[in-house]
Amino acid sequence: MKRFTRFSLAFVLILALSTLTWAAQTTGEVGSELRIPAKGDDNFDNAVGSIVLNIDLQEEFGENGSWKLGIDTRFYDNTFDNLSAYLFDLNSATANTTNEIDSQLDFKLDEAYATFLSPFELNIDAIVGRQYITYGVGDGISTLNLCTPNHALFVDDLVKNKGRAVDGMRIKWYPGDYQVDLFLQARMTPTYLGSNLENVYRTMANEAITNSAQQELKAYGLSDQMIAGIPVNVLTTDPEPIDYGQDGPGLMLKTVGNFYNFDLGLNYQRGYVPTRLIADYAVVPEIDDGTGKPKQVTVYLNEKYLFMQKIGLTATGTVGEASVWSELTYTLPKEGFFASDLADNSALPEAYRFSDEKYFTGLFGADYFFKKGTYVNAQFVYGFPWEYTKSMLNSYLTFDAYRFFLNDRLKAEAKWAYCLSDQGWLLSPEISYQLQDGLCLWGKANFLGGDDDSFLNNFEDLSQVVLGVTKTF
C-alpha cells in the first residue's frame with residue numbers, strides 16, 4: 001500500500017507537469033490580509049499581514065478522466081512595518097538570511113489527484129492521490145471525521161473547520177439505485193495548527209497535567225502553599241510512530257440510497273485521530289538531599305495517535321421548503337490505548353480524563369431561504385470535530401445567516417456557535433463587496449469567549465479583526 005500510494009502521487013504529479021502544454025484550465029486567487037488583534041494593547045503594532053496565492057490546474061485526458069493539481073502559498077509577517085523593512089531595508093533584523101524568508105512562507109501541496117472514469121469499462125470511478133474527503137452531511141461540521149483533519153493557521157480557520165486534503169485512493173461504485181463510496185488511506189494526515197493555536201492547546205494540556213502532578217506531591221506531607229512554590233516542568237516525549245501493521249491503514253466506506261425522498265447513508269470508518277492525545281504521563285520529582293522533599297518536578301507526557309472505529313447513519317432531504325440533515329455516530333476507541341488511571345484521576349479536569357469508553361455523537365440541522373433572499377442555517381451538534389473521547393463531549397448550537405444586497409454585490413453574513421455544556425461561544429460577522437472582474441473587498445471579525453472554565457474562552461486572546469482584498473482568476 002505504501003509503495004502504491006507513492007507511485008500514485010508521483011504519477012499524478014508527472015501527469016500534471018507533462019500536460020501543462022495542453023493549456024490546462026488554471027484558476028485560483030491572489031489576495032492580501034491584515035489581521036488585527038481584538039484584545040490587548042498596541043493592536044496595530046501586533047497586526048499580521050499576509051499575501052496569499054492559491055493556484056489550481058486541472059485538465060481532462062480524453063474521455064477517460066481528468067487530473068487536478070492545487071498549490072496554496074501564504075507569505076506573512078508580524079506587521080506591515082516589518083514587512084516593509086523586510087522588503088526594502090537591507091539591514092532589517094526581520095530577515096537577515098533566506099532562512100528567515102522561508103520561515104515566513106507557508107507552502108503546501110493542496111490537491112494532487114487523477115480521476116479515472118469507468119476504468120476497464122467497469123461501473124466505477126477511481127480517484128487516486130491527494131484529495132478532500134467528506135462523508136458527513138453536517139454543514140461544515142461532521143461526527144464522521146476520521147478523514148477530515150484540520151488545517152488552521154488562524155482562529156477563523158478553526159471557526160469554519162477548514163480541512164486538509166488526505167492521500168489515498170477513492171472508488172465510487174454505482175450498483176442500481178445505490179452509490180457505494182470507498183476510500184483507502186495508506187497513511188494518516190495529521191491536523192496542522194498555527195503556532196498561536198498550538199500554544200493555546202499546549203497551555204491547556206500543561207495546566208491540566210501540572211495540577212494533577214501537584215496533587216501527587218501531597219503524599220510528601222507538603223502544604224498547598226509549599227506545593228505551589230515547587231516548579232513543574234512538562235515535557236513531551238518523542239511520539240511513537242503509528243504501527244500500521246497492528247491496526248492497519250485507514251478505511252472509509254459509505255453506502256447511500258434514496259428512500260421516500262430522503263438520501264440515507266450507512267457509514268463505516270476506521271483510522272486514526274489526526275491529533276495526538278495524552279495516553280499516559282509520568283511524574284518524576286527531584287528530591288532535595290537535605291530535606292528529603294521534592295524541590296522540582298518533571299512530568300513526561302506520552303502522546304500518541306488514537307486508533308478508532310466509527311459506525312454512522314446519515315440522512316438528508318427536504319421538509320416543505322426547508323432542507324434538513326442529520327447524523328448519528330457510534331464511536332469505538334481502541335481498547336487499552338489510555339492508561340487505566342487517567343479516567344479515574346479526579347485531579348484532572350473532566351475533559352482530560354481520557355478513556356476507551358464507547359460513545360454516541362450526532363447532529364441535526366436545517367436551512368431555509370426566505371422570499372427576500374435571507375438564508376438561515378441552524379444545527380444542534382453533540383460532539384464537535386475536536387472532541388475525540390467521551391470525556392471531551394459537549395453539546396452545541398450553531399447558526400449561520402447571510403443576505404445579498406446591491407444586486408448581489410454586497411454580502412452580509414454572521415456565524416455563531418454556543419456550547420450548551422460550558423457556556424463558551426464564538427461569533428464571526430463578515431461583510432464582502434464584489435467589484436468587477438472577480439475583485440472582492442471584505443472584512444470580518446472573530447470573537448471567542450465564555451465562562452472562565454469554558455473551552456472556547458481559552459482562545460479569547462486570539463480574537464481578531466481581518467481586512468482583506470481577493471482577486472479570483
Side-chain angles (χ1 to χ4, degrees), residues 29 31 33-39 43 47-48 50 52 136-142 150-163 194 196-197 321-326 363-382 384-386 394-435 439-451 454-470 472:
E29 66 177 19
E33 304 172 354
L34 177 63
R35 297 176 176 273
I36 306 168
K39 297 289 183 178
N43 297 45
V48 177
S50 303
V52 180
V137 298
D139 182 40
I141 298 173
S142 177
N150 286 118
H151 186 274
L153 294 175
F154 302 100
V155 68
D156 52 322
D157 297 329
L158 197 64
V159 168
K160 61 186 180 184
N161 199 32
K162 184 178 179 181
N196 288 337
L197 293 172
E321 297 182 354
S323 298
V324 296
W325 56 88
S326 64
L363 59 84
F364 175 80
D367 64 10
Y368 185 81
F369 274 100
F370 289 90
K371 292 182 178 180
K372 293 186 178 181
T374 300
Y375 170 82
V376 176
N377 172 319
Q379 294 184 112
F380 170 80
V381 184
Y382 180 61
F384 253 34
W386 54 68
N394 291 292
S395 299
Y396 298 85
L397 292 177
T398 71
F399 178 83
D400 183 13
Y402 65 77
R403 184 172 178 178
F404 287 95
F405 303 90
L406 302 178
N407 295 321
D408 292 342
R409 289 186 174 274
L410 180 66
K411 179 183 180 183
E413 183 173 12
K415 296 180 179 180
W416 172 78
Y418 180 76
C419 181
L420 299 171
S421 305
D422 65 12
Q423 289 71 59
W425 56 266
L426 64 86
L427 175 65
S428 181
E430 180 174 358
I431 189 166
S432 61
Y433 184 77
Q434 293 283 346
L435 300 175
L439 187 63
C440 179
L441 303 176
W442 55 271
K444 62 182 176 181
N446 303 291
F447 301 111
L448 297 95
D451 288 355
S454 66
F455 173 79
L456 292 173
N457 188 62
N458 291 282
F459 297 87
E460 182 181 16
D461 290 341
L462 300 185
S463 299
Q464 59 183 203
V465 176
V466 191
L467 304 176
V469 55
T470 302
T472 58

Take Phe370 and Tyr368 through the test ring-ring contact (aromatic ring centres under 6.0 Å, His included) and record every step on the way to the result. CA-CA 6 Å; Phe370 289 90; Tyr368 185 81; 4.9 Å; yes

Give the intermediate values and the outcome of side chain to side chain contact (heavy atoms under 4.5 Å, CB included) for residues Asp451 and Asn457. CA-CA 7 Å; Asp451 288 355; Asn457 188 62; over 6 Å; no

Derivation of the side chain to side chain contact (heavy atoms under 4.5 Å, CB included) call for Trp325 and Gln379: CA-CA 9 Å; Trp325 56 88; Gln379 294 184 112; 2.9 Å; yes

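The shortest side-chain heavy-atom distance between Pro385 and Ile141 falls under the 4.5 Å cut-off. No side-chain heavy atom of Phe369 sits less than 4.5 Å from a side-chain heavy atom of Glu321. Side-chain contact check for Asp367 versus Tyr375: some heavy-atom pair is nearer than 4.5 Å. The shortest side-chain heavy-atom distance between Phe384 and Thr398 falls under the 4.5 Å cut-off.
For the atom pair Glu430 CD and Lys411 NZ, the distance stands at 7.0 Å (nearest 0.5 Å).
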Less than 3.5 Å apart, which donor and acceptor atoms pair up between the side chains of residues 417-426 and the rest of the protein, not counting sequence neighbours?
{"residue": "Ser421", "atom": "OG", "partner": "Asn394", "partner atom": "OD1", "Å": "3.4"}
{"residue": "Ser421", "atom": "OG", "partner": "Ser395", "partner atom": "N", "Å": "3.0"}
{"residue": "Asp422", "atom": "OD1", "partner": "Gly424", "partner atom": "N", "Å": "3.0"}
{"residue": "Asp422", "atom": "OD2", "partner": "Phe455", "partner atom": "N", "Å": "3.0"}
{"residue": "Gln423", "atom": "NE2", "partner": "Leu420", "partner atom": "O", "Å": "3.1"}

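For Asn407, the CG atom counts as loosely surrounded, since its 6.0 Å shell holds 12 or fewer non-hydrogen atoms of other residues, nucleotides or ligands.
Listed by first then second residue, pairs satisfying salt bridge (Lys or Arg N to Asp or Glu O under 4.0 Å) with a partner in residues 368-380 number zero, not counting sequence neighbours. For residues 456-466, the pairs satisfying salt bridge (Lys or Arg N to Asp or Glu O under 4.0 Å) are Lys39-Glu460, with sequence neighbours left out.
Of all non-hydrogen atoms in Gly138 and Leu363, the two that sit nearest each other are CA-CD1, 4.0 Å. The minimum heavy-atom distance linking Asp157 with Ala152 is given by the pair CB-CA, 3.5 Å. Considering every non-hydrogen atom in both Thr470 and Glu29, the closest pair reads CG2-OE1, 3.5 Å. When all heavy atoms are compared, the tightest approach of Asn446 to Ser428 is OD1-OG, 3.0 Å. The two residues Phe154 and Leu197 have their closest heavy-atom pair at O-CD1, 3.6 Å. Nearest heavy atoms, Phe459 versus Leu448: CB-CD2, 3.9 Å.
In terms of the ring-ring contact (aromatic ring centres under 6.0 Å, His included) criterion, Phe405 has no residue partners (sequence neighbours excluded). Every residue two or more places apart in sequence or in another chain was checked for a salt bridge (charged side-chain N to carboxylate O under 4.0 Å, His left out) with Asp400, and none qualifies. In this structure, the salt bridge (charged side-chain N to carboxylate O under 4.0 Å, His left out) partners of Lys444, at least two apart in sequence or on a different chain, are Asp156.
No side-chain donor-acceptor contact under 3.5 Å links Arg35 to the backbone of Val466. In this structure, Asn377 contributes its side chain and Phe399 its backbone to no donor-acceptor pair below 3.5 Å. The backbone N or O of Ala366 lies less than 3.5 Å from no partner atom in the side chain of Ser323, so there is not a single donor-acceptor pair.
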